[in-house]
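Some notes on the structure that comes next.
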Amino acid sequence: MFYKSTRDSSISVDSATAISQGISAEGGLFLPSEIPSITLDEIKAMADMSYADRAFNVFKKYLTDFTDAEIHYCTDNAYTTKNFDTENIAEIAHLFDGTYMLELWHGPTCAFKDMALQILPYFLTTSIKKLNVDKKVVILVATSGDTGKAALEGFKDVEGTQIMVFYPEDGVSPMQKRQMTTQEGGNVGVCAIKGNFDDCQNGVKAIFTDSEVKEKLSSGGYMFSSANSINWGRLVPQIVYYVSSYATLVADGQIELGEKINIVVPTGNFGNILAGYYAKKMGVPIGKLICASNVNKVLTDFIDTGIYDKNREFYATCSPSMDILISSNLERLLYLVTGEDDSLIRDWFSQLSTNGRYEVNDTVKQVMKEEFFGGFCNDVDTKKTIKDIYDKYGYTCDTHTAVAVKVYQDYKAQTGDTTKTIIASTASPYKFSASVLEAIDGKVSNIDEYDMVNILNERSNMSIPKSLAELKDKERRFSGSIEKTDMKSFVLENLGL
Ligand SMILES: *Cc1c(COP(=O)(O)O)cnc(C)c1O
């Protein structure tokens with residue numbers, strides 16, 4: 001197995017190179033040259049395996065240049081109860097008949113990003129060692145909240161790495177800010193930017209390609225890599241939980257081996273749902289992939305019309321991790337469904353960067369409609385859904401997950417499809433306490449974040465995640481903010497260059 005680039009099919013590298021580089025030099029995304037298959041017998045055999053061993057069996061098919069010992073080193077260190085608050089790593093809650101919540105937020109930062117960012121540092125350091133690269137890896141992250149904290153937790157004190165996270169000063173929730181500014185570790189940097197998420201993202205991109213930075217970095221013995229979902233090393237761990245949850249449902253007698261299930265994913269960058277698509281193409285019996293957006297519904301429109309158009313108003317919603325108008329991982333899907341036509345991909349994505357828009361051909365339009373269903377949900381309905389689920393089933397879900405639940409209800413009403421369904425639950429409700437509490441109580445509370453957490457605890461009967469409870473007494477290590485024009489000097493200073 002080797003890895004190609006979506007914008008140049010002639011590129012061929014091993015997985016260690018794809019993971020350590022993060023993105024291909026010409027700007028394309030790495031993806032495997034073929035999709036490996038998994039048989040129903042293999043899935044059945046996972047019944048008695050730990051999550052780490054299930055992950056091992058999936059990674060073995062993709063990271064063919066890694067030895068078994070190397071993969072075990074990664075999985076056994078990442079997927080443990082030291083990092084996750086449940087032995088199952090991912091939990092499945094039965095919401096109502098035939099509908100299952102796949103809780104992906106039992107990791108250290110209480111969002112699903114931990115499923116990948118707990119293991120990425122092991123993949124990355126193992127890759128660097130395999131390639132005999134004698135450089136320290138610098139990870140730069142622009143975040144609107146969840147990715148930054150998950151990356152910091154994953155990379156903290158990992159030897160041979162240095163991580164710097166940039167977030168918009170006023171663009172993250174108080175809990176998210178507190179999570180980041182109290183971050184421990186000797187190799188971490190956290191920096192608030194006077195600007196919005198786009199300013200952070202553009203600043204990071206500019207630093208990546210700045211020739212002065214590149215030169216100084218290289219002579220200082222450093223190299224850049226990425227912890228965003230453009231890195232294949234973040235995508236492949238997400239395939240695991242779709243395979244694993246299917247195995248669990250079979251083992252629990254909830255479904256027959258071979259029975260099709262649908263999957264619903266609250267989507268922003270199209271990473272999580274793309275992992276579901278890979279699981280399906282590997283052979284996991286998956287029917288529809290239901291793509292749920294908030295009012296930034298660029299993907300809903302794309303699935304319906306085949307036109308991707310980011311020229312539209314941007315809305316700040318109560319599901320902020322999905323407030324996104326450029327879904328980078330869609331590029332990987334389009335590469336696959338065009339039959340790996342790199343020239344079409346180059347064409348569409350250059351249209352996207354010049355005009356903010358492209359239209360795919362009829363073949364792709366048809367495939368999108370066959371494989372996917374797209375729907376969206378506004379903030380009012382998101383909160384209504386949280387309340388609804390809470391009242392009816394005594395289950396408390398976060399705002400992102402509620403978007404998925406609502407879109408799933410719409411899908412069922414529209415199609416009458418009663419196939420058993422897994423809904424990806426992407427964050428702990430405690431991470432978005434203000435919105436969740438407002439939904440349940442029907443009013444905005446003017447109290448501090450920790451009091452909200454305690455009230456939510458009374459309402460929900462769910463235990464407060466240890467990592468969030470501890471935040472209150474943690475020392476603040478990073479304060480102040482900088483102009484977006486000072487990001488470059490911040491990075492160089494931090495590295496002592
Ligand atoms: C990142 C995130 C999403 C969106 O995931 P994508 O892979 O970008 O589609 C959804 N919910 C939460 C809570 C997130 O943090």
Side-chain angles (χ1 to χ4, degrees), residues 29 90 101-118 120 141-154 167 171-173 175-176 179-180 197 201 226-239 241-242 263-279 289-294 296-300 302-303 317-333 372 374 376-377 382 386 397-407 423-433 435-436 465 468:
L29 306 187
M101 305 298 274
L102 175 57
E103 296 178 350
L104 300 169
W105 40 261
H106 291 278
T109 77
C110 309
F112 90 94
K113 307 283 195 297
D114 288 328
M115 300 301 294
L117 280 162
Q118 279 297 304
L120 180 67
V141 184
T143 184
S144 58
D146 288 338
T147 300
K149 177 60 184 179
L152 286 163
E153 272 303 308
Y167 70 92
V172 301
S173 80
M175 189 64 90
Q176 287 174 321
Q179 276 188 313
M180 289 190 279
F197 172 67
Q201 176 114 304
S226 166
N228 287 101
S229 60
I230 52 169
N231 192 326
W232 178 255
R234 250 195 74 182
L235 212 85
V236 68
Q238 298 182 228
I239 301 171
Y241 48 72
Y242 293 114
I263 288 179
V264 191
V265 187
T267 311
N269 229 336
F270 208 76
N272 202 359
I273 194 163
L274 181 69
Y277 179 82
Y278 266 92
L289 292 152
I290 298 161
C291 178
S293 302
N294 62 28
N296 295 296
K297 60 182 184 71
V298 69
L299 284 166
T300 314
F302 177 68
I303 292 167
T317 73
C318 66
S319 47
S321 303
M322 289 152 61
D323 290 347
I324 201 162
L325 291 180
I326 299 188
S327 302
S328 351
N329 269 296
L330 188 60
E331 181 169 342
R332 286 190 167 107
L333 179 78
F372 295 89
F376 73 100
C377 171
T382 302
I386 292 174
C397 69
D398 96 293
T399 46
H400 304 77
T401 309
V403 166
V405 172
K406 174 65 167 73
V407 169
I423 298 175
S425 173
T426 50
S428 158
Y430 284 108
K431 213 167 174 179
F432 300 94
S433 296
S435 301
V436 174
L468 293 185

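Values in this document were obtained by computation on a predicted structure and should not be read as measured data. Ligands are counted one by one from 1 in listed order, and the atoms in each one are counted from 1 as well.
Close contacts between ligand 1 and Asp146 involve ligand atoms 13 (C), 14 (C), 15 (O) [criterion: under 4.0 Å to a heavy atom]. When each atom of ligand 1 is checked for a heavy atom of Thr267 under 4.0 Å away, the hits are 9 (O). Each of the following atoms of ligand 1 lies closer than 4.0 Å to a heavy atom of Ala427: 13 (C).
The protein non-hydrogen atom at the shortest distance from atom 3 (C) of ligand 1 is Phe112 CE2, 3.6 Å. Protein heavy atom at the shortest distance from atom 8 (O) of ligand 1 is Asn269 N, 2.8 Å. With hydrogens left out, the protein atom closest to atom 2 (C) of ligand 1 is Lys113 NZ, 2.5 Å, a heavy atom. Nearest protein heavy-atom contact of atom 13 (C) of ligand 1 is Thr426 OG1, 3.4 Å. Shortest contact from atom 7 (O) of ligand 1 to any protein heavy atom: Asn272 N, 3.0 Å.
By the 4.5 Å heavy-atom criterion applied to side chains, Thr426 and Met322 are not counted as neighbours. With contacts defined as side-chain heavy-atom distances shorter than 4.5 Å, the pair Gln179/Leu152 does not qualify. Residues Asp398 and Lys431 fail the side-chain proximity criterion, which asks for heavy atoms closer than 4.5 Å.
Of the N and O atoms on the side chains of Asn296 and Asp323, at least one donor lies less than 3.5 Å from an acceptor on the other residue. Between the side chains of Asn231 and Arg234, no donor N or O sits under 3.5 Å from an acceptor N or O.
With ring centers used as reference points, Phe372 lies under 6.0 Å from Phe270.
Close to ligand 1: Pro266, with a non-hydrogen atom less than 4.0 angstrom away.
Below 3.5 Å of separation, one finds an N or O of Gly268 facing an N or O of ligand 1. Below 3.5 Å of separation, one finds no N or O of Gln238 facing any N or O of ligand 1.
Atom OG1 of residue Thr147 and atom CG of residue Asn228 lie 6.0 Å apart, to the nearest 0.5 angstrom. Atom CD of Gln176 is separated from atom CZ of Phe432 by 4.5 Å, given to the nearest 0.5 angstrom.
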